[in-house]
Every structure is written in C-alpha cells, then in structure tokens.
Amino acid sequence: MGFRSLVAGCGAYLPLRVMTNDDLAARLDTSDEWIRQRTGIGERRIAAPGELTSDLAVAAARRALDDAGMSGSDLDLIVLATATPDHTFPATATKVQARLGMTRGAAFDVQAVCSGFIFALAVADNALRLGQARTALVIGAETFSRILDWQDRGTCVLFGDGAGALVLNAAPDAGAGDRGVLATRLHSDGRQHDILYVDGGPSSTGTAGFLRMEGREVFRQAVQHLAEVVDEVLAANGYGAADLDWLVPHQANSRIIDAIGKRLGLPPERIVSTIARHANTSAASIPLALAEAAGDGRIVPGDLVLLEALGGGLSWGAALVRW
Ligand code: UT7
C-alpha cells in the first residue's frame with residue numbers, strides 16, 4: 001500500500017529584535033531607498049545573543065504541533081533544514097527532538113541552504129510515502145545573522161533570522177484523493193559553488209566563516225532555474241499555472257518573486273510575500289510564509305500551493321501541495 005503526506009499543521013517563530021533598513025544605513029554606506037528598490041526588504045529580525053537556531057526551531061515546531069493538535073510524542077521523523085546549525089555535530093534536529101519530548105524515530109538535518117526547506121520536504125515526503133514514518137515534522141530554521149559580514153553592504157542587508165515548521169501525516173494513497181504533497185523536484189549544480197558560499201567551515205578553515213555572494217549572477221541563474229522547475233513540478237501531475245491558488249516562493253528578492261509570478265501569469269494577490277518584514281531567512285522563508293498565509297486564512301484546505309526556492313550550491317527545487 002502506498003501513502004500520501006497530508007499537511008496536518010504549520011507554525012513559525014521570529015526573534016523579537018527588529019533591525020530596520022535605517023538601522024543599517026546608520027552604520028553602513030546604504031539606504032532604505034536602495035534596499036527597498038533593489039530587494040523589497042524593509043526590515044528583518046535578528047536572534048538575541050544566546051538564542052540559537054534550535055531555539056527558533058523548537059518555538060516554530062511547538063506552534064506547528066499545536067496547529068495539528070499533536071505533541072512531540074506523536075512524531076517519528078524530524079527533518080530540519082539549516083545552513084546555520086547550533087554545532088558542527090550532532091544535527092540540530094536531535095536537540096529539537098529531545099526538547100519536543102520525542103523519543104522514537106529519527107531526527108536529522110538537511111543542508112541545501114535557501115532551498116533547504118524544499119529538500120527537507122522532499123526527504124520527509126519520500127519517507128512517508130514508503131511507510132518508513134507516519135508523522136513527520138519538517139523544519140526550516142536559520143540564524144544567518146551569525147554568518148554575515150556586517151561590513152559588506154552587498155550581503156548583510158539581505159538576510160534575517162527565523163524558523164517555520166510543517167507537520168505531515170501519512171494517509172493511505174487510496175483515500176487521499178488529490179490532497180497532500182503531490183510532487184517535489186530537486187536540482188543542484190555544484191559548478192556554481194563559488195557564486196554563493198561561506199568562506200569558512202570545520203574542514204577548510206576551522207572557523208564558521210562569512211557568507212559571500214556574486215549577487216547579480218545568482219539573480220540571473222535564480223530566475224532561469226526557478227522558471228524551469230516550477231513548470232517541471234506542475235507538469236508532474238498534469239497541472240498548469242492556471243490551476244494554482246497560491247505561489248509561496250523563497251523570499252530572496254521581490255524582483256525574482258515578481259518575475260516568476262509574471263511567468264506563471266499569477267496576480268500579485270495570489271503570491272505570498274513576506275520579504276518586506278522578514279528579508280531572506282534562507283531555509284525558513286517558505287515555512288514562515290506558509291504559516292502566515294495559513295494562519296490568516298488566505299491558504300485554506302483544498303488550495304493548490306506551489307513552493308519554490310534556489311540557494312547556494314547552487315541548489316533549487318519546487319513542491320506542489322494540495323492543502
Ligand atoms: O537566497 C539565496 C539566493 N540569493 C538571491 O537570490 C540573491 C540574488 N541577487 C540579488 O538579489 C541582487 O543581485 C542583489 C540584491 C544582491 C543586488 O542587486 P543588484 O541590482 O544585482 O545590484 P548589484 O550587485 O549589481 O549592485 C549595483 C550597485 C553597485 O554599485 P555600482 O558598482 O553600480 O557603483 C553596488 O556596489 O549597488 C551597489 N550596492 C549597494 N548600494 C547601496 C550593493 N549593495 C548595496 C547596498 N546599498 N546595500
């Protein structure tokens with residue numbers, strides 16, 4: 001018997017401290033006008049000293065479990081997407097597992113940077129489809145503020161901290177109809193490693209390092225690859241863009257989001273955008289946006305939702321979900 005992954009709940013958490021564009025302009029050669037015009041970002045949240053990726057992840061996970069009417073003991077899988085783990089090892093997911101009171105199953109991290117949530121969702125979905133787990137928590141959680149070069153105006157203005165989580169429940173395929181995770185598609189191109197990377201790490205420098213990016217080239221490749229992968233994931237189930245209720249994209253740049261929305265022929269009110277308030281939270285951006293739109297009643301059961309993201313690697317992917 002095959003299984004389908006149905007969405008049971010979602011939740012998110014943002015650190016309390018708000019950093020505005022004007023806060024950045026007070027200590028860097030930048031301006032609110034430049035940041036808004038080039039990226040759509042108005043402000044971002046920054047984790048407090050001592051507030052770790054696992055803390056954000058646990059807060060988001062608790063809200064997602066509440067939304068699903070479940071507790072940690074109902075889970076048998078946690079897949080946590082992060083590029084900013086608490087420690088080199090063990091996986092941040094295992095800390096989250098312990099704090100949620102989950103004592104069975106497996107918990108591990110997935111690392112695909114900004115596309116991490118799509119990769120984690122695909123991994124969890126595959127496990128549920130195969131009957132390897134019954135109830136999974138998929139988390140995207142990041143503290144990018146810890147790997148930013150705060151002297152580099154080309155990167156430090158772009159990112160923020162946060163976490164989001166989705167609970168998936170396996171249901172027999174036969175009774176699932178057209179609901180749940182319908183398709184996922186993943187891609188990477190390691191030849192593009194050097195256009196978006198961190199210049200440190202345990203094996204290379206022994207330091208955590210800082211994020212480095214050739215923004216213009218990443219932008220160009222993002223629009224191209226995302227346009228291809230959204231078509232691919234729609235076609236996997238015989239859908240077209242006209243069938244979509246919502247696009248919930250990774251929030252890297254409002255101009256990238258607009259380009260993909262335009263290509264799909266979606267009006268702006270069908271696109272969930274949080275970039276103005278969250279900036280780019282890497283693997284957390286999609287579940288943060290999902291939790292917001294499901295929480296305020298925009299996304300309702302039965303809606304067809306397209307998720308897409310691209311990040312360092314390069315790695316990119318898309319998922320089609322019937323809520
Ligand atoms: O989530 C992972 C995936 N990441 C992305 O998808 C990010 C993709 N890239 C981008 O979003 C954009 O390329 C950026 C927002 C990073 C940059 O925007 P851009 O329109 O590509 O600008 P640019 O890098 O070509 O820079 C244009 C100018 C430069 O000045 P000159 O050389 O024309 O004099 C930069 O030095 O803007 C300057 N600049 C800034 N000015 C004020 C760069 N950063 C800033 C800044 N404030 N913060």
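Just so it is clear, the values below take in all heavy atoms, side chains as well, and ignore hydrogens, waters and symmetry mates. Each ligand, and each atom within it, is numbered from 1 in the order the structure gives.
- For ligand 1, one of its N or O atoms has an N or O atom of G215 under 3.5 Å away.
- Counting heavy atoms closer than 4.0 Å to ligand 1, residue L158 contributes side-chain atoms (C-beta onward) but none from N, CA, C or O.
- Which parts of ligand 1 touch L310 is read off a 4.0 Å heavy-atom cut-off, strictly below it: atoms 1 (O), 2 (C), 3 (C).
- The distance criterion of under 3.5 Å between nitrogen or oxygen atoms is met by W34 with respect to ligand 1.
- In summary, the side chains of E228 and H187 do not present any donor paired with an acceptor at a separation below 3.5 Å, with no hydrogens or angles considered.
- R44 and N21 form a side-chain donor-acceptor contact under 3.5 Å, judged by distance and modelled atom types alone.
- Scanning the protein for heavy atoms near atom 47 (N) of ligand 1, the closest one is T30 OG1, 2.6 Å.
- The contact set between ligand 1 and V157, taken as ligand atoms under 4.0 Å from a residue heavy atom, comprises 48 (N).
- With respect to atom 1 (O) of ligand 1, the closest heavy atom belonging to the protein is N280 ND2, 2.7 Å.
- For atom 19 (P) of ligand 1, the nearest protein heavy atom (residue, atom name, distance) is R255 NH2, 3.8 Å.
- Around atom 12 (C) of ligand 1, the closest heavy atom drawn from D32, D152, L24, N253 belongs to N253.
- A donor atom on one side chain and an acceptor atom on the other are found under 3.5 Å apart for D178 and Y239.
- Distances from atom 31 (P) of ligand 1 to the protein include no heavy-atom value under 4.0 Å.
- For atom 20 (O) of ligand 1, the nearest protein heavy atom (residue, atom name, distance) is R38 NH2, 2.8 Å.
- Ranking the protein heavy atoms by distance from atom 4 (N) of ligand 1 puts V218 CG1, 3.7 Å first.
- In the model, D86 has a side-chain atom that pairs as donor or acceptor with a side-chain atom of S54 under 3.5 Å.
- Using modelled atom types, one finds no donor on one side chain facing an acceptor on the other under 3.5 Å when comparing D76 with T135.
- Those atoms of ligand 1 that come under 4.0 Å of a heavy atom in A252, given as number and element, are 1 (O), 5 (C), 6 (O).
- Between atom CG of residue L168 and atom SG of residue C10 there is a gap of 10.5 Å, rounded to the nearest 0.5 Å.
- Rounding to the nearest 0.5 Å places CG of N280 at 9.0 Å from CG of L211.
- Closest to atom 6 (O) of ligand 1 among all protein heavy atoms lies I256 CD1, 3.4 Å.
- One distance of note links CE of M102 with CG of L77; it measures 6.5 Å at 0.5 Å rounding.
- Of the N or O atoms in S31, none lie within a sub-3.5 Å distance of an N or O in ligand 1.
- Nearest protein neighbour of atom 26 (O) of ligand 1, counting heavy atoms only, is R216 NH2, 4.1 Å.
- The closest side-chain donor-acceptor pair between T143 and T53 falls under 3.5 angstrom.
- The environment of CZ in R134 is sparse: at most 12 heavy-atom neighbours from other residues, nucleotides or ligands sit within 6.0 Å.
- Contacts of V113 with ligand 1, taken as heavy-atom pairs under 4.0 Å, are absent altogether.
- Which of I35, L28, T39 comes nearest to atom 15 (C) of ligand 1 through a heavy atom is settled by distance: it is T39.
- No side-chain N or O of D303 forms a donor-acceptor pair with one of W323 less than 3.5 Å apart.
- Close contacts between ligand 1 and C114 involve ligand atoms 1 (O), 2 (C) [criterion: under 4.0 Å to a heavy atom].
- The side-chain heavy atoms of Q251 and T281, taken from C-beta on, include no pair separated by under 4.5 Å.
- At a distance under 4.0 Å, no protein heavy atom can be found next to atom 34 (O) of ligand 1.
- One hydrophobic cluster, built from ILVMFWY side chains closer than 4.5 Å, cannot hold both L307 and L310; they sit in different ones.
- Among protein heavy atoms, the minimum distance from atom 36 (O) of ligand 1 is reached at R153 NH2, 3.0 Å.
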